[in-house]
There are 2 protein chains.
Amino acid sequence: MPKPSTRPVSQHCLDALALLGQLIREARLANALTTSDLAVRAGISRSLLQRIERGDPGCSIGAAFEAAVICGVPLFELDARLLSDRLGRQKEKMVLLPKSVRSVSRKVNDDF
Amino acid sequence: MPKPSTRPVSQHCLDALALLGQLIREARLANALTTSDLAVRAGISRSLLQRIERGDPGCSIGAAFEAAVICGVPLFELDARLLSDRLGRQKEKMVLLPKSVRSVSRKVNDDF
DNA sequence: TTTATATGGTTTATTAATAACTCAATTATT
DNA sequence: AATAATTGAGTTATTAATAAACCATATAAA
């Protein structure tokens, strides 16, 4: 028996997870899919899909996103057509950013 | 040594995961946070944060969302202020939906 | 109302994620 | 160019997620 997860999660994060779960459930019903149907299509178990719809933070993000994608829940308000384009533009932006950061105050001069 | 995950994940899903990871990384750098900094604030290990930024589908959704929230990546294009409101409205919508669905063709009459 | 199906909530064995560490390579600053 | 810090990637022990049962309840259709 696995111990229940003890990782602290902020309320805002729990809210976002709950919303995603509800959106998936709503989209599933709108497409007239049973939990079993969607689980099979997503390649996951029905019990895992139930936890995803409940907004369980312990689910793998791959499973949750797959379920969302299959029943048409837009991730980041982007549809499939725009996603790859945005990925490319994002990469270009990243090139302009520093590869790493340093602490602003790194050595205090206190020999006086 | 745990076997590598074998769950199939669609390309669209992988793209969405990669985008989220890049957005988190960009936001982290914009806030001048090291991977260690953000990991500590999110209550996760640095190695897990690295996987999240890489878009690994096996990460827990709670860990990924927490990291995103902390460095200000908007989930579902919603900020914290609007999220709880939308959660409420979503619940109201759900009440109007059927609680379960049935297969359309459920019994074929083939005794003739 | 009856019947068949979907769902919610358990349990347990198996599988994979996670934390903590190490080390090499990059990167930013002086 | 030298130095110090960040990052990337790999390893292993521990912990938790997942799949697959099961059953009770709720739900939709006849």
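In what follows, chains carry the letters A, B, and so on, assigned in the order in which the sequence lines appear, proteins first and then strands, with residues in each chain numbered from 1.
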Enquirer: To the nearest Å, give me how far apart CG (B/L48) and P (D/dA16) are.
Expert: 14 Å
Enquirer: Between B/R28 and B/E53, is there a side-chain N and carboxylate O pair less than 4.0 Å apart?
Expert: yes
Enquirer: Using 0.5 Å steps for rounding, measure from the CZ atom of B/F65 to the CG atom of B/L20.
Expert: 7.0 Å
Enquirer: Is there a donor N/O on one and an acceptor N/O on the other, under 3.5 Å, for the side chain of A/R51 and the base of C/dG8?
Expert: no
Enquirer: Closest nucleotide of DNA chain C for A/V101 versus for B/K99: which of these residues is on the 5' side?
Expert: B/K99
Enquirer: May I have the distance from A/R46 (atom CZ) to D/dA21 (atom P), rounded to whole angstrom?
Expert: 12 Å
Enquirer: So, taking the atom named CG in A/L97 and the one named CG in B/L29, what distance separates them when rounded to the nearest 0.5 Å?
Expert: 5.5 Å
Enquirer: Name the residue closer to the 5' end of DNA chain C, choosing between A/L97 and B/P57 according to the nucleotide with the nearest heavy atom.
Expert: B/P57
Enquirer: Rounded to whole Å, please give me the gap between CD1 in B/I52 and P in D/dT7.
Expert: 15 Å
Enquirer: On DNA chain D, check which nucleotide each of B/E53 and A/L49 is closest to and give me the residue with the more 5' one.
Expert: B/E53
Enquirer: Check whether B/D56 reaches the backbone of B/G58 with its side chain - one donor and one acceptor, N or O, closer than 3.5 Å.
Expert: yes
Enquirer: Given D/dG8, is OP1 or OP2 found less than 4.0 Å from the side-chain N or O atoms of B/R25?
Expert: yes
Enquirer: CD1 of B/I44 versus P of D/dT15: gap in Å, rounded?
Expert: 19 Å
Enquirer: Check every strand shown and say whether A/S100 touches a base, only sugar-phosphate, or nothing at a heavy-atom separation below 4.0 Å.
Expert: sugar-phosphate
Enquirer: Look only at the side chain of B/Q90 and the backbone of A/Q22, and say whether a donor-acceptor pair between them is shorter than 3.5 Å.
Expert: no
Enquirer: May I ask you to verify if any side-chain N or O of A/T35 is less than 4.0 angstrom from the OP1 or OP2 atom of C/dA6?
Expert: no
Enquirer: Whole angstroms only, please: what is the CD-P distance between A/Q50 and D/dA20?
Expert: 14 Å
Enquirer: Would you mind classifying the nucleic acid contact of A/T34 as base, sugar-phosphate or nothing, using non-hydrogen atoms under 4.0 angstrom?
Expert: sugar-phosphate
Enquirer: How close or far is atom P of C/dA17 from atom CG of B/D56, stated in whole angstroms?
Expert: 7 Å
Enquirer: Look at the side-chain heavy atoms of Ile, Leu, Val, Met, Phe, Trp and Tyr, link any pair under 4.5 Å apart, and say whether A/L38 and B/V101 land in one connected group.
Expert: no
Enquirer: With distance as the sole criterion, do the side chain of A/R102 and the base of C/dT27 form a donor-acceptor contact below 3.5 Å?
Expert: yes
Enquirer: CD/A/E26 to CD1/A/I24 distance, rounded to the nearest 0.5 angstrom?
Expert: 11.5 Å
Enquirer: Do any N or O atoms from the side chain of A/D37 and from the backbone of A/T34 form a donor-acceptor pair under 3.5 angstrom?
Expert: yes
Enquirer: Looking at A/S36, does any N or O in its side chain come under 4.0 Å of the phosphate oxygens OP1/OP2 on C/dT7?
Expert: no
Enquirer: State, to the nearest 10°, the angle formed by the axis through the first five base pairs of the helix from C/dT1-D/dA30 to C/dT30-D/dA1 and the axis through its last five.
Expert: 80°
Enquirer: Name the nucleic acid region contacted by A/R7, choosing base, sugar-phosphate or nothing; use a 4.0 angstrom heavy-atom cut-off, strictly under.
Expert: sugar-phosphate
Enquirer: Can you tell me how far P of C/dA19 sits from CD of B/E66, to the nearest Å?
Expert: 12 Å
Enquirer: Mapping A/I61 and B/R28 to their closest nucleotides on DNA chain D, which lands nearer the 5' end?
Expert: B/R28
